[in-house]
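Right, one structure below, let's go through it.
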Amino acid sequence: MVHVQVFTFSPVQENTYLLYNEKGHAFIIDPGCYFSAEQEKLKNFISLKALEPVKLLNTHCHLDHVFGNKWVYQTYGLELFIHPNEEKVLQFAPESGFKWGLPFENYEGPLHYLHDGDTVKLDQDEFKVLATPGHSPGSVSFYNQAQGFVIGGDVLFKNSVGRTDLPGGDHPTLIKSIREKLLVLPESTVIYAGHGMATTMGAEIANNPFLKD
């Protein structure tokens, strides 16, 4: 069984996800820990639960989702997994940080690429990689069919969708991604988003104004 632990970090209030199983192995997804106290909070939880982080994943590489990549790499020795179309976004992130008044040291370690349809395994637990571009050119979502949840980054929110006014964003592409990759999942599927509260596919089909025909 996969446990989902969420931490809300940085002035941007980004959701960082720690997924861990009964063996104590863990994925760190979108580490947004900006301040040292946030790094310590994540580290202390990992220590308290006696977890071993085994993989570092980004749904996409906007600055608020990558603040902690370098720290995770230095602390746990984890190399970064992203979609290849996010490499330029990752490289641009420090410039975005400067513009937003949030300077940070970027991850510069090895990159490993994720593609649509790939499977990422946490021991016996499988996550299907869904390419969901639009908010960012290489956004991906991680779908655990067995437990019925998605770690979706900034693609789909409770009663909203990701912004598309940043470089590489495209609203029609975003809506296409949501309709073709997410809304086809069971309505009971839980969506863990990059900001705000979790929701379900059924709730968004019924209530999300951006998804009305």
Side-chain angles (χ1 to χ4, degrees), residues 1-8 14-32 42 45-46 48-60 65 68 72 76 78-84 86 112-136 138-162 174 176-208 211:
M1 179 178 178
V2 179
H3 301 272
V4 180
Q5 181 69 33
V6 59
F7 302 86
T8 302
E14 180 267 356
N15 289 336
T16 292
Y17 289 96
L18 183 70
L19 310 184
Y20 62 97
N21 62 17
E22 303 303 325
K23 294 183 178 180
H25 296 153
F27 285 171
I28 299 175
I29 303 180
D30 292 353
L42 179 56
F45 183 91
I46 290 170
L48 179 66
K49 295 289 186 178
L51 303 179
E52 177 189 355
V54 296
K55 200 174 291 291
L56 170 61
L57 305 159
N58 283 165
T59 60
H60 66 294
H65 293 255
V72 170
Y76 299 106
L78 301 182
E79 299 175 356
L80 180 61
F81 285 74
I82 61 172
H83 190 280
E86 285 300 289
H112 303 274
Y113 295 122
L114 301 166
H115 299 89
D116 186 50
D118 286 353
T119 298
V120 183
K121 291 187 177 182
L122 182 61
D123 296 315
Q124 75 275 15
D125 297 297
E126 296 186 350
F127 295 82
K128 186 176 181 180
V129 177
L130 307 176
T132 48
H135 171 68
S136 190
S139 291
V140 295
S141 300
F142 300 103
Y143 175 46
N144 183 293
Q145 182 178 3
Q147 289 183 222
F149 71 87
V150 172
I151 307 295
D154 291 356
V155 175
L156 181 61
F157 300 113
K158 181 178 177 65
N159 295 330
S160 189
V161 298
L174 176 68
K176 184 174 186 289
S177 293
I178 294 171
R179 292 193 179 281
E180 294 184 358
K181 295 298 181 68
L182 299 182
L183 296 190
V184 296
L185 302 177
E187 292 191 12
S188 59
T189 303
V190 176
I191 308 156
Y192 292 106
H195 302 270
M197 299 172 57
T199 184
T200 66
M201 295 299 174
E204 297 317 300
I205 291 170
N207 302 313
N208 195 313
L211 303 179

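These numbers come from the heavy atoms of this one structure, side chains and all, not from hydrogens, waters or symmetry mates. Because the structure is a prediction, the values reported are computed rather than measured.
- The shortest distance between side-chain heavy atoms of Ile29 and Asn58 does not fall below 4.5 Å.
- Counting heavy atoms from C-beta outward, Ile28 and Leu19 have side chains that stay 4.5 Å or more apart.
- Inspection of the Thr119 and Glu126 side chains reveals no N or O donor paired with an N or O acceptor under 3.5 Å.
- Rounding to the nearest 0.5 angstrom, the gap separating the CG atom in Leu211 from the OG atom in Ser160 is 9.5 Å.
- A donor atom on one side chain and an acceptor atom on the other are found under 3.5 Å apart for Glu86 and Ser136.
- Taking the six-membered ring wherever Trp is involved, the centroid distance between the rings of Phe7 and Phe45 falls below 6.0 Å.
- In this view, Glu180 and Lys176 satisfy the side chain to side chain contact (heavy atoms under 4.5 Å, CB included) rule, not counting sequence neighbours.
- Side-chain atoms of His3 and Asn21, non-hydrogen and from C-beta on, never get closer than 4.5 Å to each other.
- By the 4.5 Å heavy-atom criterion applied to side chains, Phe127 and Val2 are counted as neighbours.
- Residue Leu18 holds its CG atom at 7.0 Å from CD of Gln5, rounded to the nearest 0.5 Å.
- Around CD of Gln145, the count of heavy atoms belonging to other residues, nucleotides or ligands within 6.0 Å does not exceed 12.
- Side-chain contact between Val150 and Thr189: present, with at least one pair of heavy atoms (C-beta onward) separated by less than 4.5 Å.
- Judged by the 6.0 Å and 45° rule, Lys55 forms a cation-pi pair with Phe81.
- By the 4.0 Å N-to-carboxylate-O rule, Lys181 lies close enough to Asp116 to be salt-bridged with it.
- With sequence neighbours left out, Asp30 forms a side-chain hydrogen bond (donor to acceptor under 3.5 Å, both in side chains) with Thr59, His65.
- Under the 3.5 Å distance criterion, the side-chain polar atoms of Arg179 are left unmatched by any main-chain donor or acceptor of Leu174.
- By the 4.5 Å heavy-atom criterion applied to side chains, Tyr17 and Leu57 are not counted as neighbours.
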Steps toward side-chain contact (heavy atoms from CB on, under 4.5 Å) verdict (Thr132, Ile178): CA-CA 7 Å; Thr132 48; Ile178 294 171; over 6 Å; no

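- Using a 3.5 Å distance cut-off with no hydrogens or angles, the side chains of Glu14 and His195 do not pair a donor with an acceptor.
- Leu182 places a side-chain heavy atom less than 4.5 Å from the side chain of Met201.
- Of the candidates Phe27, Tyr20, Tyr76, Pro53 forms a side chain to side chain contact (heavy atoms under 4.5 Å, CB included) with just one, namely Tyr76.
- At distances below 3.5 Å, at least one donor-acceptor pair connects side-chain atoms of Asp118 with backbone N or O atoms of His115.
- Counting heavy atoms from C-beta outward, Leu122 and Val54 have side chains that approach closer than 4.5 Å.
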